[in-house]
Amino acid sequence: MSYLQKLRETTPLIHNLTNEVVMNFTANGLYAIGAAPVMSKALDEVSDMATITNGVLLNIGTLTSSDVEAMFLAGKAANKKGIPVVLDPVAAGATSYRLETCHKLLEELDITAIRGNAGEIAALIGDEQWASRGVDARGNGDVVSLAQKAAATFRTLIVLTGETDVIASEDETVVCRNGTPLLGSVTGTGCLFSSVLTAFLTLEGPAIEKATEAIRTYTVASEMAAEHPQVKGPGTLHPYFLDALYAITPEDVEKRLVR
Ligand SMILES: Nc1ncnc2c1ncn2[C@@H]1O[C@H](COP(=O)(O)OP(=O)(O)O)[C@@H](O)[C@H]1O
Ligand SMILES: Cc1ncsc1CCOP(=O)(O)O
């Protein structure tokens, strides 16, 4: 059985400590693919949330000092329970506050995977070949070696997204090339993917396999949406992408895989 089918059978509940831009899209995207969302950053309850959830997403997109405190509490509770914790280092290279926060989270928590674009992953390891402009990656370089270097540095799974997606653990690398550039014109598509990845990581099985199926499913769904005759640009991609996440089957993924 595919991980997608297992996900839809188990409906993992994901606790998202995420940014204000993408809350609604993330909640709807998780429902669409077959998982379930809960959003909470209240210091009074974030630790308790781990008692009912299956995975935690820490996204620093619009972080405040209270959010950072909440991320440590939620992350520690999740580590104690043994459920996955994914870090999305949004715009990590933009300010030293973001970068230092990511490094502290990586030092103090057991992070199952880091999902970011090339600029964000490069910022985390201090690689100056890539730059960020706000939340977007700028520049070019070898994304495979970048992801591998980050996996070795942080000793965790790296899921680097962009035109080419790279999944790297300390000893294995997978490259994926599906997707549509239109995703880059819809805010929150990286952030939603981080939550979808968290949902896949809650399942039984090797992390690299689950992450690979997560990115393949997500990017193939984006192609199906982009090809819909009603889709004319980012505005129409948005609802059709949610519909594609809802409708996609393992057979669709297999058929469209760019090998
Ligand atoms: N040029 C592109 N062609 C195809 N897919 C893309 C392209 N750019 C981004 N994607 C896809 O868009 C999604 C979001 O990735 P990305 O834009 O890197 O995240 P972020 O929003 O964090 O910068 C990923 O699924 C990625 O595969
Ligand atoms: C625009 C913006 N600013 C802070 S968070 C955010 C959303 C970023 O979402 P994504 O990186 O997935 O496009």
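First listed ligand is number 1; within each ligand, the first listed atom is number 1. Scope of the values below: all heavy atoms of this structure, side chains included, with no hydrogens, waters or symmetry mates.
Of the protein's heavy atoms, Asn117 ND2, 2.8 Å lies nearest to atom 23 (O) of ligand 1. Considering only non-hydrogen protein atoms, atom 16 (P) of ligand 1 sits nearest to Thr161 OG1, 3.5 Å. The protein non-hydrogen atom at the shortest distance from atom 12 (O) of ligand 1 is Leu183 CD1, 3.2 Å. Nearest non-hydrogen protein atom to atom 4 (C) of ligand 2 is Gly61 O, 3.3 Å. Here the protein heavy atom with the shortest distance to atom 3 (N) of ligand 2 is Val135 CG1, 3.7 Å. For atom 11 (O) of ligand 2, the closest non-hydrogen atom of the protein is Cys191 SG, 4.0 Å. Of the protein's heavy atoms, Thr187 OG1, 3.9 Å lies nearest to atom 1 (C) of ligand 2.
At least one heavy atom of Tyr218 sits closer than 4.0 Å to an atom of ligand 1.
Between Thr189 and ligand 1, no N or O atom pair is found at a separation short of 3.5 Å. Among the atoms of Val21, none of the N or O lies under 3.5 angstrom from an N or O of ligand 2. Of the N or O atoms in Val22, none lie within a sub-3.5 Å distance of an N or O in ligand 2.
Thr156 places a side-chain N or O within 3.5 Å of a backbone atom of Ile111 that can act as its donor or acceptor partner.
Among Gly179, Gly162, Pro89, the residue whose heavy atom sits closest to atom 10 (N) of ligand 1 is Gly162.
Of the residues listed (Glu227, Met224, His228), the one engaging Tyr240 in a side chain to side chain contact (heavy atoms under 4.5 Å, CB included) is His228, and it is the only one. Of the residues Asp67, Leu17, Thr101, the one that meets the side chain to side chain contact (heavy atoms under 4.5 Å, CB included) test with Leu58 is Leu17. Remark: of the listed residues Arg216, Glu9, Glu213, Glu213 is the sole one forming a side chain to side chain contact (heavy atoms under 4.5 Å, CB included) with Leu4.
Heavy-atom contacts from other residues, nucleotides or ligands closer than 6.0 Å to OH of Tyr246 number 12 or fewer.
Val144 and Leu160 end up in the same hydrophobic cluster when Ile, Leu, Val, Met, Phe, Trp and Tyr side chains are linked at under 4.5 Å.
Residue-ligand proximity, Ile215 to ligand 1, at heavy-atom distances under 4.0 Å covers atoms 25 (O). Of all atoms in ligand 1, numbered sequentially from 1 with element shown, those under 4.0 Å from a heavy atom of Gly190 are 14 (C), 19 (O), 20 (P), 21 (O), 22 (O). Residue-ligand proximity, Thr219 to ligand 1, at heavy-atom distances under 4.0 Å covers atoms 25 (O), 27 (O). Which parts of ligand 1 touch Asp165 is read off a 4.0 Å heavy-atom cut-off, strictly below it: atoms 26 (C), 27 (O). Heavy-atom contacts of Gly190 reach the following atoms of ligand 2: 12 (O) (cutoff under 4.0 Å). For ligand 1, the atoms closer than 4.0 angstrom to any heavy atom of Pro181 are 1 (N), 2 (C), 3 (N), 4 (C). Here is the list of ligand 2 atoms found below 4.0 Å of a heavy atom in Gly188: 9 (O), 10 (P), 12 (O), 13 (O). Of all atoms in ligand 1, listed by their number and element, those nearer than 4.0 Å to a heavy atom of Arg115 are 19 (O), 20 (P), 22 (O). The contact set between ligand 1 and Glu163, taken as ligand atoms under 4.0 Å from a residue heavy atom, comprises 1 (N), 2 (C), 3 (N), 7 (C), 8 (N).
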Worked verdict on Leu237 versus Leu183 for side-chain contact (heavy atoms from CB on, under 4.5 Å)
CA-CA 8 Å; Leu237 182 78; Leu183 281 180; 4.2 Å; yes

Decide side-chain contact (heavy atoms from CB on, under 4.5 Å) for Phe193 and Thr161; before the verdict, give the C-alpha distance in whole Å, the side-chain angles of both, and the deciding distance to 0.1 Å.
CA-CA 9 Å; Phe193 176 65; Thr161 56; 4.1 Å; yes

Starting from the C-alpha separation in whole Å, work towards a yes-or-no answer on side-chain contact (heavy atoms from CB on, under 4.5 Å) for Leu245 and Leu192.
CA-CA 11 Å; Leu245 287 172; Leu192 168 58; 4.1 Å; yes

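Here Tyr218 and Phe241 bring their ring centres to under 6.0 angstrom of each other.
For atom 1 (N) of ligand 1, a protein non-hydrogen atom is found at a distance below 4.0 Å.
One finds no salt bridge joining Glu223 and Lys255 here, because no Lys/Arg side-chain nitrogen approaches an Asp/Glu carboxylate oxygen to under 4.0 Å. Taking a cutoff of 4.0 Å between a charged side-chain nitrogen and a carboxylate oxygen, Arg98 and Glu120 do not qualify as a salt bridge. Between Lys76 and Glu108, at least one side-chain N (NZ, or NE/NH1/NH2) sits under 4.0 Å from a carboxylate O, which counts as a salt bridge.
If you look at Glu223 next to ligand 1, there are no close heavy atoms at all, none under 4.0 Å. With a heavy-atom cut-off of 4.0 Å, Leu192 does not touch ligand 2 at all.
Between Leu87 and Pro89, the shortest heavy-atom distance links the atoms O-CD, 3.5 Å.
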